[in-house]
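The model shown is predicted, which means the values in this text are computed figures rather than measured ones. For ligands, and for the atoms within them, numbers begin at 1 and follow the listed sequence.
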Amino acid sequence: MTTRAMHRPPHETRRAAARVTASNWREHKVCTHSDFDLFMSDDPADQEEAKEICAVCPARHFCLQFALEEKVDFGVFGGMGPDERMRLRGCRPRYLSDRESQWKRAIQQHAPELLALRAKGVPSRDIGRQLGMQPATVNRALRELDD
Ligand code: SF4
């Protein structure tokens, strides 16, 4: 069984995710019983495993929003590591070496929400508010998704 399947919450479906709100998202965390160190590790392999757990978490959007708003600069939150979140906030990552692929992965994670909101005619500023991103980051992400 894959990590993702092991952590798939039996009763949490897409409909359940729709019930998650900014005030109750912590009740829906799927990492509650996971290895805390996995989420706090600096090891890329551990971080990837943590992100797989986040990928099936119905609270992911609000968790990421929390980490972005609180400027949490450690650990995996909302499916992203600290440097990926810094990029979303429009900050320079701590390490500039080979982060472009992480940026692209982060954008791909948000691609469905970004494209759906743009299709509805939502301005970049409001998309940014909803996804916890700077408007410039939203514009850059949409440009890259169009390429
Ligand atoms: S998205 Fe947040 S709450 Fe959900 S599994 Fe990841 S770290 Fe935990």
Checklist outcome for this item: Hits for side-chain contact (heavy atoms from CB on, under 4.5 Å) against Ala67, two or more places apart or cross-chain, chain-then-number order -> Val72, Phe77, Arg85

Item to check | Lys/Arg cation over aromatic Phe62: Arg26, 6.0 Å, 45° cone | outcome: no

Checklist entry - Are Asp46 and Lys51 close enough for a salt bridge, meaning some N to O gap below 4.0 Å? => result no

Checklist entry - Does a salt bridge link Glu84 with Arg87, judged by any charged N lying under 4.0 Å from a carboxylate O? => result no

Next on the checklist: Check this for me: does any side-chain nitrogen of one of Asp126 and Arg129 sit under 4.0 Å from a carboxylate oxygen of the other?
Outcome noted: yes

Checklist entry - What protein atoms of element N, O or S are positioned under 2.8 Å from atom 6 (Fe) of ligand 1? => result Cys54 SG

Item to check | Heavy-atom side-chain contact between Asp73 and Arg89 under 4.5 Å | outcome: no

